[in-house]
Amino acid sequence: MCDKLREFPTDVATAPLLRLSLLKLMNHDAAEIDRFINACRDLGFFYLHLDGPGDTIQEQSQHMFDIAKDLFDLSLEEKKKYDFSAQRTYFGYKHLGGSVADRTGRLDRNEFYNASPRPRNYYSLLTHGQISRDDILGTSEPWPAPDVLENQRLFLRGFMKSARDIVHLLLGLLNDFLQLPKDTLSSMHRADVPSGDHVRMIKAPPQPVDDKQVALGEHTDFGSITILFNRLGGLQILPPGADATWTYVKPLSNHAIINIGDALVKFTNGVLRSNIHRVVSPPGAQAQYPRYSIAYFSRPEDDVPLRRLEGSALIPPLEEGVEEEVATSKEWIIRRALGSRPQVVGDDAYDWSKSSGTEDISRRTTTVS
Ligand SMILES: O=C(O)CCC(=O)C(=O)O
Ligand SMILES: [Fe+2]
């Protein structure tokens with residue numbers, strides 16, 4: 001399949017992510033499931049080979065890149081009409097430099113747009129029986145959206161449905177591994193209940209050769225599982241351990257990049273790992289091109305408390321004396337997503353700790369598991 005990957009330099013070290021097969025996981029191949037579990041525990045990042053059952057989402061992801069290009073080609077004035085952050089939502093547009101990207105207070109070098117699968121009044125329509133419960137992913141954007149997205153609403157919905165199917169397969173396998181009561185994880189990710197699920201389109205322009213900075217600041221993802229499509233390098237992960245150094249994740253054709261987010265770390269008291277990652281300028285000759293990426297974020301339903309789950313012998317108890325600071329999924333995401341935006345939280349955006357997630361657990365510098 002032609003997916004416009006550009007040549008990745010051969011002299012750059014890359015992260016040794018496992019390459020897992022969607023087909024094998026769907027077929028409950030025991031060895032593949034073991035590899036999957038190891039990937040979720042050790043790094044929290046892996047490649048998912050999509051050929052076969054993932055052909056549709058691969059095709060959809062190609063089209064998502066076209067949509068992203070059309071979207072970001074709009075004028076800044078037009079795009080800013082869809083910045084709703086003053087209304088304390090992370091849905092909508094974030095302009096270039098709209099968030100703090102590192103501890104020294106430098107600003108990011110990317111713009112992005114978070115598109116929700118549901119119409120703004122989806123839940124009230126649902127309550128009043130005006131749309132059916134099995135109209136799983138809604139039919140429009142929750143907030144006003146530019147025509148380039150409005151016109152693609154059905155398509156976006158199809159893409160998100162494909163992504164959700166993969167997420168639910170993976171949640172089911174994790175549920176089995178953790179020996180949690182059946183459907184514990186999937187029942188916290190129901191499609192017809194409010195959640196922060198969305199697709200993000202990102203664009204990072206080429207940076208001045210002599211002034212390259214972090215394009216997207218280091219973070220762990222806030223939710224459960226992320227499905228990411230990359231064509232250019234630039235994504236880097238920080239493996240566990242005190243001596244770890246940033247390592248590029250090389251985009252592979254016919255593969256998505258999957259990673260675990262904070263919610264699964266909290267649910268499992270650190271059995272699963274949410275890896276710290278960031279985006280820098282693409283390596284080598286790739287740096288001259290604008291970098292687009294597409295991410296689907298799956299998050300627990302808004303009201304789900306992010307805390308250790310009961311009911312699994314595999315999830316260790318909290319350490320003696322440790323009390324969990326419990327936030328709901330929605331509170332956690334709002335704090336993290338908007339906490340680094342000066343436009344929303346003022347000077348607090350420069351206090352890195354105020355928008356942090358499970359990074360300290362992710363480093364694994366104090367405990368060995
Ligand atoms: O653009 C990428 O490759 C990664 C984006 C990312 O980590 C995010 O949006 O959370
Ligand atoms: Fe991320």
Side-chain angles (χ1 to χ4, degrees), residues 67-68 70-103 105-125 138 140-150 152-153 156 160 194-205 214-223 261-262 279 293-297 299-303 306 327-357:
I67 295 176
D70 289 347
L71 174 70
F72 293 120
D73 279 351
L74 297 175
S75 70
L76 183 58
E77 192 195 358
E78 177 66 11
K79 287 182 286 194
K80 281 195 164 175
K81 290 184 194 158
Y82 306 97
D83 177 349
F84 307 117
S85 57
Q87 295 167 67
R88 292 196 70 78
T89 176
Y90 40 83
F91 292 118
Y93 179 68
K94 180 202 70 72
H95 61 87
L96 192 79
S99 63
V100 175
D102 69 19
R103 286 180 182 77
R106 280 186 290 219
L107 298 177
D108 69 65
R109 292 206 171 155
N110 73 79
E111 55 182 330
F112 65 60
Y113 194 107
N114 292 338
S116 153
R118 302 179 180 95
R120 184 175 199 169
N121 55 352
Y122 178 80
Y123 298 107
S124 90
L125 292 173
S140 60
E141 294 290 305
W143 302 88
D147 283 350
V148 291
L149 295 184
E150 284 291 342
Q152 298 287 338
R153 203 185 277 163
L156 284 165
M160 294 191 209
S195 79
D197 285 14
H198 66 266
V199 60
R200 171 179 294 175
M201 290 154 269
I202 312 169
K203 179 184 180 187
V214 168
L216 179 71
E218 67 180 81
H219 63 282
T220 52
D221 282 356
F222 320 149
D262 294 339
V279 177
S293 53
I294 307 293
Y296 178 81
F297 297 104
R299 281 138 181 201
E301 296 162 17
D302 283 351
D303 295 336
L306 297 191
T328 63
S329 178
K330 183 170 185 181
E331 288 163 349
W332 181 267
I333 297 164
I334 296 257
R335 178 179 65 77
R336 299 217 59 202
L338 299 180
S340 59
R341 299 207 205 168
Q343 184 181 303
V344 183
V345 299
D347 283 349
D348 277 358
Y350 296 90
D351 181 344
W352 201 249
S353 64
K354 291 208 161 127
S355 58
S356 64

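Because the structure is predicted, anything quoted here is derived from the model rather than measured. We use all heavy atoms of the structure for the numbers below, so side chains are in, but hydrogens, waters and symmetry mates are not.
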Looking at Phe297, does the NZ or CZ of Arg336 lie under 6.0 angstrom from its six-membered ring centre and within 45 degrees of the ring axis? no
Point to revise | Steps toward side chain to side chain contact (heavy atoms under 4.5 Å, CB included) verdict (Val214, Arg106) | key: CA-CA 9 Å; Val214 168; Arg106 280 186 290 219; over 6 Å; no
Taking every heavy atom of Arg88 against every heavy atom of Ile334, the minimum-distance pair comes out as O-CD1, 3.2 Å
Inset, instruction - Please tell me if the side chains of Ile67 and Met201 come closer than 4.5 Å, counting only heavy atoms from C-beta onward. - result: yes
TODO: State whether the side chain of Glu331 and the backbone N or O of Thr328 hold a donor-acceptor pair below 3.5 Å, judged by distance alone.
DONE: yes
dist Leu107:CG -> Ser340:OG (nearest 0.5 Å) comes out at 10.0 Å
Legend entry - Heavy-atom donor-acceptor pair, Arg335 side chain to Lys354 backbone, under 3.5 Å: yes
What one should report as the nearest heavy-atom pair of Ser99 and Arg341 is CB-CG, 4.0 Å
Could you please spell out the steps behind the side chain to side chain contact (heavy atoms under 4.5 Å, CB included) verdict for Tyr93 and Glu78? CA-CA 10 Å; Tyr93 179 68; Glu78 177 66 11; over 6 Å; no
CD1 of Ile202 to CG of Leu216, rounded to nearest 0.5 Å, is 6.0 Å
Q | Glu111/Lys80 salt bridge by N-O under 4.0 Å criterion | A | no
Measure from the side-chain N and O atoms of Thr220 to the backbone N and O of Gly357, and report whether any donor-acceptor pair falls under 3.5 Å. no
Heavy-atom nearest pair, Ser195 first then Asp302, reads CA-OD1, 3.2 Å
Checklist line | Under 3.5 Å: donor-acceptor pair, side chain of Asp108, backbone of Val100 | finding: no
Is a side-chain donor or acceptor of Asp221 paired with a backbone partner of Gly223 at a separation under 3.5 angstrom?
no
Nearest heavy-atom contact between Trp352 and Glu218 is CZ2-O, 3.6 Å
Examine the side chains of Asp70 and Gln152 and answer whether a donor and an acceptor come within less than 3.5 Å of each other.
no
Between Lys94 (side chain only) and Asn114 (backbone N and O only), is there a donor and an acceptor less than 3.5 Å apart?
no
Got Val199 and Tyr113 here, is their nearest side-chain heavy-atom distance under 4.5 Å? no
Looking only at heavy atoms, the pair that brings Pro300 and Ser329 closest together is O-OG, 3.0 Å
| said: Would you call the rings of His198 and Phe91 parallel, tilted or perpendicular, taking 30° and 60° as the class edges? | reply: perpendicular
Minimal heavy-atom distance between Gly105 and Tyr350, with the atoms involved, is O-CE2, 3.6 Å
CZ (Arg109) and CG (Leu96) are apart, to the nearest 0.5 Å, by 8.0 Å
dist Ile333:CD1 -> Leu338:CG (nearest 0.5 Å) comes out at 10.5 Å
The reported gap from CZ in Arg299 to CG in Leu306 (rounded to nearest 0.5 angstrom) is 11.0 Å
Query raised in the report: Are Tyr90 and Arg200 close enough that some pair of their side-chain heavy atoms sits under 4.5 Å apart?
Result: no
